[in-house]
Student: 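Can you keep this structure in mind? I'll have questions shortly.
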Amino acid sequence: MTVNAERFLEDLHTLRSFGAAGVGKGVVRPAYSEADIAARRWLAGRMQEAGLRVQFDPVGNLFGLAEGPSLLMGSHSDSQPEGGWLDGALGVIAALEIARSSDRPVSVVSFQDEEGRFGVTTGSAIWSGHLPLAEADRLTDHAGVPFAAARAAMTDLAGGFVDPARFSGFVEMHIEQGPTLDTEGGQIGVVTDIVGIRDMVITFAGQQNHAGTTPMHLRRDAFQALAAFNAQINDRFRNVVTPRTVWTIGHVSLHPNASSIVPGRVSFSMQWRDGDTERLARMEEIIRQTAAEVAEARGMALSYGPMLGLEPVAMDGRLRMALEQGAESVAPGRWRTMPSGALHDATNVSRLMPVAMLFVPSIGGISHDFAEDTDEADLVAGLRVLDHAVAALGRVNE
């Protein structure tokens, strides 16, 4: 059998209909939302139709299992609060199409909460053993909802955890989520390695007060502490980081967040990514030292949330070679090897088995936005690379 490009694209568009929002092809499908659970139920049905045995685990990871030992393929189907139609979803639907068209056994997975409503790639982190379930259950989202309460919405579907020993390796197809392939006119990227990540919440607590009567020199303004921290951290990173290093303050909670009140408390996310473990650790030292100095200078109390993170991961040579051979067959002269600056479930799965990743272009380098998109010809090209790679891997094992 050969892959059916029309069926693949039809399923991809159907999955988009669960949580479709905004302009263009936008999607709002956060982990454990009604749209997310409905999408997983639909995916389970499509897996069954493909002859796979469906199993949800206790945290909502969805597996479609082939008989006997198999290659595992997939990604995730939850979205960012304002996301696009391809992030994660592409890898799941591509894996499904390979599973139902290949004469080699292929299992499919859609991991839960890759987008980090509760942490960092939560579902695959738990399945891989990186994050104990009891510890995960204590995590909360930005609204204060506990992970344990959120996953309870899928109790009626839950079974046991799938034994990873049944899989020979994991391959994840994804959009690049960056501008490299699109800018260079490339069609396929074979990933060499995935960067490491660190993520924690920092809180400065000062003194809430009247905005009209409190003199500037007497204020313990939490927002000013955040502003000072941000300026200093950018300067202090200068001689430590490389052009590939990134850091982000992406979520800020200011209390009481009112026009006529000097804010007394601010909590904000601090996330940084790099391919070198030692550099990640050095950046953490700088972050903590800078926060402590700002707090002391401005009369602030300082506290930290849990440190979340994953180490950099190199892709498996054998799986990567199969993808490269497929890329040369499908897109000769239009493929390249490249690192991944984004985090993926493959990082967690690498604790259990060999992993590899394949990229297709993101138009304009845009992702985590309603405008996220990829030309359908490039989507199909990526699917065909996977098809070639699985066939090549099968020949090696015969």
Side-chain angles (χ1 to χ4, degrees), residues 9 12-13 15-16 20-29 75-94 114-116 120-121 172-197 199 234 237 241-251 269 271-275 310 312-313 315 323-324 327 330-331 333-347 356-383 385-386:
L9 292 172
L12 198 52
H13 282 285
L15 181 53
R16 181 179 68 86
V23 296
K25 299 174 181 176
V27 169
V28 176
R29 197 166 56 230
S75 189
H76 64 97
S77 52
D78 63 304
S79 83
Q80 285 284 330
E82 291 187 1
W85 71 303
L86 297 172
D87 182 356
L90 171 61
V92 176
I93 298 301
E114 191 272 355
E115 296 292 6
V120 178
T121 57
E172 182 173 3
M173 179 176 167
H174 211 280
I175 53 172
E176 181 195 346
Q177 301 182 282
T180 302
L181 290 173
D182 188 54
T183 300
E184 297 181 355
Q187 191 170 44
I188 298 294
V190 178
V191 176
T192 56
D193 57 280
I194 303 173
V195 299
I197 186 173
D199 194 307
N234 288 344
F237 279 165
V241 301
T242 74
R244 282 186 56 192
T245 312
V246 296
W247 60 97
T248 307
I249 296 175
H251 183 273
S269 63
Q271 183 186 102
W272 60 106
R273 309 185 192 211
D274 192 87
L310 294 169
V313 170
M315 301 295 97
L323 291 174
E324 290 179 1
V330 174
R334 296 193 62 200
W335 70 275
R336 55 166 292 168
T337 59
M338 61 190 303
S340 172
L343 194 66
H344 300 285
D345 289 309
T347 298
M357 287 198 69
L358 184 76
F359 283 167
V360 293
S362 294
I363 296 174
I366 297 173
S367 184
H368 287 186
D369 185 271
F370 289 156
E372 171 188 285
D373 205 1
T374 297
D375 190 286
E376 290 192 352
D378 292 335
L379 299 177
V380 173
L383 177 70
V385 171
L386 289 182

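These numbers come from a predicted model, not from an experiment.
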Student: Output every pair passing salt bridge (Lys or Arg N to Asp or Glu O under 4.0 Å) with a member in residues 178-192, not counting sequence neighbours, ordered by first then second residue.
Tutor: Glu184-Arg336
Student: Test Val241 against Trp272 for side-chain contact (heavy atoms from CB on, under 4.5 Å), laying out the working first.
Tutor: CA-CA 11 Å; Val241 301; Trp272 60 106; over 6 Å; no
Student: Not counting sequence neighbours, list each pair that qualifies as a salt bridge (Lys or Arg N to Asp or Glu O under 4.0 Å) and has a residue in residues 364-375.
Tutor: Lys25-Asp373
Student: With rounding to the nearest 0.5 angstrom, report the CE to CE distance, Met315 to Met357.
Tutor: 7.0 Å
Student: CG of Leu181 to CZ of Arg334: how many Å apart, nearest 0.5 Å?
Tutor: 9.5 Å
Student: Do Thr245 and Asp274 have a side chain donor and acceptor closer than 3.5 Å?
Tutor: yes
Student: Which atom pair, heavy atoms only, marks the closest approach of Val330 to Ala381?
Tutor: CG1-O, 3.7 Å
Student: Which pair of non-hydrogen atoms, one from Leu15 and one from Ala89, has the smallest distance, and what is that distance?
Tutor: CD2-CB, 3.5 Å
Student: Could you tell me if the side chain of Leu358 sits less than 4.5 Å from the side chain of Val385, heavy atoms only?
Tutor: yes
Student: Over all heavy atoms of both residues, which pair between Ser75 and Gly91 is shortest? Give the atoms and the distance, please.
Tutor: CB-CA, 3.9 Å
Student: With Val195, which residues qualify under side chain to side chain contact (heavy atoms under 4.5 Å, CB included), at least two apart?
Tutor: Arg244, Arg273
Student: Which residues satisfy the side chain to side chain contact (heavy atoms under 4.5 Å, CB included) test with Leu379, sequence neighbours excluded?
Tutor: Phe8, Leu9, Leu12, Trp85, Leu86, Leu90, Val360, Thr374, Glu376
Student: Quick check: closest heavy atoms across Leu383 and Met173, and the distance to 0.1 Å?
Tutor: N-CE, 3.7 Å
Student: Hey, are Asn234 and Trp247 close enough side-chain-wise for a donor-acceptor pair under 3.5 Å?
Tutor: yes
Student: In Å, rounded to the nearest 0.5 Å, how long is the span from CD1 of Ile175 to CG of Asp378?
Tutor: 12.0 Å
Student: With sequence neighbours left out, write down each residue that passes side-chain hydrogen bond (donor to acceptor under 3.5 Å, both in side chains) with Arg16, or none if nothing qualifies.
Tutor: none
Student: How long is the span from the NE2 atom in His344 to the CG atom in Asp87, to the nearest 0.5 Å?
Tutor: 8.0 Å
Student: Begin with the C-alpha distance, continue with both residues' side-chain angles, and end with the deciding distance and a verdict on side-chain contact (heavy atoms from CB on, under 4.5 Å) for Val313 and Asp193.
Tutor: CA-CA 5 Å; Val313 170; Asp193 57 280; over 6 Å; no
Student: Among His368, Arg29, Glu114, find the residue that satisfies the side chain to side chain contact (heavy atoms under 4.5 Å, CB included) test when tested with Ser79.
Tutor: Arg29
Student: Using atom types as modelled and distance alone, determine if a side-chain donor or acceptor of Gln177 lies under 3.5 Å from a backbone N or O of Ala342.
Tutor: no
Student: Quick one: closest heavy-atom pair of Gly186 and Pro361, and the distance?
Tutor: O-CG, 3.2 Å
Student: Where the side chain of Thr337 meets the backbone of Thr192, is there a donor-acceptor pair that is under 3.5 Å apart?
Tutor: no
Student: How close do Glu172 and Ala346 get, counting heavy atoms only, and between which atoms?
Tutor: OE1-N, 3.1 Å
Student: NE2/His174 to CD1/Ile194 distance, rounded to the nearest 0.5 angstrom?
Tutor: 10.0 Å
Student: Looking at residues at least two apart in the chain, or sitting in another chain, which of them share a side-chain hydrogen bond (donor to acceptor under 3.5 Å, both in side chains) with Ser362?
Tutor: none
